[in-house]
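Have a look at the structure below before the remarks.
Heavy-atom basis, side chains included; hydrogens, waters and symmetry copies ignored. For clarity, every value in this text was computed on a predicted model and none was experimentally measured.
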Amino acid sequence: MATQSAQISSSQGLVDGSSGPNSAKDSKCSDSFLSSSPVSLIQSPQVQDLVYWRDPKKTGVVFSVSLLLLLSLAAFSIISVVSYILLALLCVTISFRVYKSVIQAVQKSSEGHPFKALMEKDVSVPPDTFRKYVDISLSYINQGLKHASRLFLVEDLVDSIKLAVLMWLLTYIGAVFNGITVLILADILLFTLPLLYEKNKTQIDNYVGIARNHINTLISTLQKKLPGVKPKSE
């Protein structure tokens, strides 16, 4: 009993001590993870211009191509899709090459290879650029692993329970949809929800605020009932 009491006290101390310097450090790491994660890519001006349809022609092309690619992957294997794309590209370039050769033979001109300008361009990847993106990818991986260890090793019980609930919900989603279907739905939502939100911002914010209050109340109730968990101060 004394040992069990000591373990509970130590667990309580770990939870209570989360408001100290370690908590600030972890909060800083979490903030840096979110700021450097792919979420920051969605917040870039170029992506926002696409999803908010600032240029309808450009967004329409990107949306159509991405949706067509995902639908193709849903109907065919990735090997078939890649092969068809490369085959179509080769058909276009070979046809254009033959066409220009015939025109040059008829007109007796010496314009040379029609893709000469493109062939002379340097398409190699500079070592500095390669190392830069490797370092960025490595930082994402390291931060992701640190965040995952924090959740799976139950540093914060409530956050780990949130992840467990999310995984439980995903099991139901996985039973209804496969990965490609989820990507197709995500692609459609990515190009429709931001525009709908922009047009109905006030009403959506009102409903989101109500839902957030209910969720915060539920989490606060759980924190009070779970043993050894101290409610976080706002």
Side-chain angles (χ1 to χ4, degrees), residues 1-44 47-48 51 132-179 181-183 185-187 189-190 193-194 196-197 201 203-234:
M1 290 294 294
T3 305
Q4 184 177 2
S5 176
Q7 289 176 347
I8 294 174
S9 300
S10 128
S11 174
Q12 179 85 25
L14 286 174
V15 175
D16 295 344
S18 63
S19 60
N22 291 334
S23 176
K25 183 179 179 181
D26 291 339
S27 176
K28 185 181 295 184
C29 291
S30 177
D31 293 341
S32 64
F33 172 76
L34 293 174
S35 63
S36 61
S37 66
V39 175
S40 61
L41 178 63
I42 301 177
Q43 297 174 348
S44 65
V47 175
Q48 288 189 355
V51 298
K132 173 186 174 184
Y133 286 104
V134 168
D135 292 340
I136 293 174
S137 302
L138 185 61
S139 67
Y140 287 157
I141 293 172
N142 290 336
Q143 290 166 357
L145 290 174
K146 185 173 182 179
H147 204 60
S149 66
R150 174 179 173 272
L151 292 172
F152 285 99
L153 298 180
V154 199
E155 179 180 333
D156 189 313
L157 183 58
V158 175
D159 286 345
S160 297
I161 292 176
K162 289 179 185 177
L163 178 63
V165 172
L166 177 61
M167 295 299 104
W168 177 69
L169 292 175
L170 287 178
T171 59
Y172 285 92
I173 295 176
V176 179
F177 306 106
N178 57 25
T181 305
V182 172
L183 289 177
L185 293 175
D187 187 58
L189 293 176
L190 179 63
L193 286 185
L196 290 175
Y197 174 74
K201 189 176 186 298
Q203 296 89 333
I204 293 175
D205 285 344
N206 184 28
Y207 289 119
V208 169
I210 295 173
R212 184 179 296 166
N213 290 335
H214 285 295
I215 293 174
N216 290 337
T217 302
L218 178 61
I219 292 175
S220 178
T221 303
L222 288 174
Q223 287 176 335
K224 291 177 181 177
K225 292 184 177 180
L226 288 173
V229 176
K230 183 179 179 179
K232 295 179 182 178
S233 58
E234 297 293 339

Rounded to the nearest 0.5 Å, what separation is found between the CG atom of Leu163 and the CG atom of Leu170?
-> 9.0 Å

To the nearest 0.5 Å, how far apart are NE2 in His147 and CZ in Phe152?
-> 10.5 Å

Taking the side chain from Ser220 and the backbone from Asn216, do they hold a donor-acceptor pair closer than 3.5 Å?
-> no

Only counting residues at least two apart or in another chain, list the ones meeting side-chain contact (heavy atoms from CB on, under 4.5 Å) with Ile219.
-> Val158, Lys162, Ile215, Gln223

Any chance you could measure His214, atom NE2, to Thr217, atom OG1, to the nearest 0.5 Å?
-> 7.5 Å

Return the set of residues passing side chain to side chain donor-acceptor pair (under 3.5 Å) with Thr181 (not counting sequence neighbours), or none when no residue passes.
-> Asn178

Output all residues satisfying side-chain contact (heavy atoms from CB on, under 4.5 Å) with Tyr197, sequence neighbours left out; order by chain, then residue number.
-> Lys201, Ile204, Asp205

Which salt bridge (charged side-chain N to carboxylate O under 4.0 Å, His left out) pairs, counting each pair once, include a residue from residues 211-223, with sequence neighbours left out?
-> none

Sorted by chain and residue number, the side-chain contact (heavy atoms from CB on, under 4.5 Å) partners of Val165 (sequence neighbours excluded) come out as Ile161, Leu169

Would you please name every residue forming a side chain to side chain donor-acceptor pair (under 3.5 Å) with Asn142, sequence neighbours left out?
-> none

Is a donor on one side and an acceptor on the other found under 3.5 Å between the side chain of Ser160 and the backbone of Leu151?
-> yes

